[in-house]
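First comes the structure, then the notes that go with it.
We count ligands from 1, going down the list as the structure has it; atoms in each ligand are counted the same way.
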Amino acid sequence: MKAFVMVRIGEVGWMEKEKPAVGPYDALCRPLALAPCTSDIHTVFEGAIGERHNMTLGHEAVGEVVEVGSQVKDFKVGDRVVVPAITPNWNTTEVQGGYHQHSGGMLAGWQYSNIKDGSMAEFFLVNEADMNMALLPDDIPLETAVMIPDMVTTGFHGAENGNIQLGDTVAVLGIGPVGLMAVAGAKLRGAGRLIVVGSRPVCVEAAKAYGATDVVNYRNGDIVEQILKLTDGAGVDVTIIAGGNADILASAVNMTKPGGTISNINYFGEGEFLPVPRAGWGFGMAHKKINGGLTPGGRVRMEKMIELVKYKRIDPGKLVTHVFHGLENVEKALLLMKDKPKDLIKPVVLLD
Ligand code: NDP
Ligand code: ZN
């Protein structure tokens, strides 16, 4: 089968690979919709998680089941399924400890395009299929559905980890597709004022549609100064980081009120350390909490995100600005994520 791979750091390409063998708990899927991710850019072009050779890319997929293992109970050939970015092995102590994202080691629940082949191929394997995929309702379009495996669940995790209380003032730093879903999640969690930071007009318009009340452009000056000015010097209750480089963590700490929460969902691709400002963090005594989380995955999480879309609490379809057809176009779509043209939020590839 054809697969689109990370050949090595800095290089992508196409390969012929064996169709994966299906174990008793696995399902084999044919992709119906795929989306590339900014995380792939950190992985491939910044070498953020180290070297990988000929690893198939892709961790955002909707698929059709073409084969199931002998022990798979709840899915059958022909089912259309949402496959999460995070597909842990569910029989570990980390899972019992409440952190399936780290099942088998730190970040090891993130298997696709990290420690095993991903979904940008003619076929891809879902491990522990009963636990790692969810049925797609007929009334959700494919391009909307493929926002669920990562964009929706990650953005919402930013809002969850921020522990947003009704009426809180929330800042979302970065309004690419992940930040936009954090905006939608913050609104659902009851944010009052919702300040977003970005620059590209297409993202700013989407942020307003998802619930932003104020917009700050980081190209117009220091974002801490701009947000403190907007809040009469008080700062915000919760800051969600969904873009920028390492320095943005320092800004987030500085703009958050004492007792507030900084919730990071950004993937810091470069540098050895992240800065925490000594004075901004109250010399270590400001009760400002810093959370950072890999998105949850697995079946139940997907089913819950699907409910939010099905019952129209959110419309992640508005993220999709570019639609391609045919597997061969995953390369073009990935390179769009690298170049981030002005009119891009998120590209999708349909395999119809
Ligand atoms: P995008 O690159 O599309 O968006 C980044 C956003 O950050 C844009 O709005 C951009 O503004 C803004 N930005 C850039 N520089 C700055 C700055 N200096 N100050 C403030 N804002 C800035 O990324 P995605 O939305 O696709 O992904 C966001 C992050 O989430 C990535 O690091 C990705 O790897 C990570 N991620 C994490 C996951 C997790 O499980 N935690 C899962 C998936 C992704 P503009 O372009 O408008 O100028
Ligand atoms: Zn992703």
Side-chain angles (χ1 to χ4, degrees), residues 34-46 48-49 57-61 83-86 101-102 107 109-110 112-114 118-120 146-161 171-183 195-207 212 215-224 226-227 239-252 255 263-270 291-297 301 316 319 321-322 333-334 336-348:
L34 296 167
C37 182
T38 305
S39 299
D40 298 319
I41 305 306
H42 297 306
T43 301
V44 176
F45 297 105
E46 294 167 10
I49 51 172
L57 290 166
H59 57 255
E60 302 181 13
V83 182
I86 306 304
Q101 295 96 320
H102 308 293
L107 305 180
W110 166 30
Y112 288 130
S113 68
N114 176 18
S119 45
M120 290 180 173
V146 77
M147 295 299 102
I148 296 172
D150 196 353
M151 298 301 96
V152 174
T153 176
T154 301
F156 279 32
H157 195 47
E160 290 163 334
N161 268 349
V172 178
L173 313 184
I175 45 173
V178 170
L180 288 169
M181 287 298 94
V183 172
I195 304 168
V196 299
V197 176
S199 83
R200 283 179 298 141
V202 64
C203 297
V204 168
E205 284 318 305
V215 179
V216 164
N217 186 336
Y218 64 94
R219 297 182 196 273
N220 290 348
D222 182 68
I223 59 173
V224 179
Q226 293 191 67
I227 288 178
T239 303
I240 302 173
I241 306 175
N245 55 26
D247 293 338
I248 206 156
L249 181 63
S251 300
M255 72 177 66
S263 170
N264 181 70
I265 40 177
N266 207 21
Y267 173 179
F268 289 110
E270 292 170 296
N291 277 332
L294 177 65
T295 184
R301 176 73 171 184
L319 298 177
T321 50
H322 293 62
L334 181 86
L336 271 184
M337 285 310 265
K338 182 163 178 269
D339 299 339
K340 300 271 157 70
K342 265 198 167 74
D343 59 344
L344 178 87
I345 302 180
K346 186 87 173 175
V348 161

Taking [atom] as the reference point, the nearest protein heavy atom with its distance:
{"atom": "atom 44 (C) of ligand 1", "value": "Ser39 OG, 3.2 Å"}
{"atom": "atom 27 (O) of ligand 1", "value": "Val178 CG2, 3.5 Å"}
{"atom": "atom 26 (O) of ligand 1", "value": "Thr38 OG1, 2.5 Å"}
{"atom": "atom 14 (C) of ligand 1", "value": "Tyr218 OH, 3.7 Å"}
{"atom": "atom 9 (O) of ligand 1", "value": "Ile175 N, 2.8 Å"}
{"atom": "atom 32 (O) of ligand 1", "value": "Asn266 OD1, 2.8 Å"}

Give the contacting part of [X] toward ligand 1: side chain, backbone, both or neither, where contact means a heavy-atom distance below 4.0 Å.
{"X": "Lys346", "value": "neither"}
{"X": "Thr154", "value": "side chain"}
{"X": "Asp150", "value": "side chain"}
{"X": "Ala242", "value": "backbone"}
{"X": "His42", "value": "side chain"}

**Message:** Yes or no: does Ile248 have any heavy atom under 4.0 Å from an atom of ligand 1?
**Reply:**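 Ile248 counts as a contact of ligand 1 under the 4.0 Å cut-off.
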**Asked** Which atoms of ligand 1 have any heavy atom of Gly243 under 4.0 Å away?
**Response** 7 (O)
**Item:** Metal-centred angle, the Zn ion (ligand 2) as apex - OD2 of Asp150, OE2 of Glu60, 10° resolution
**Value:** 100°
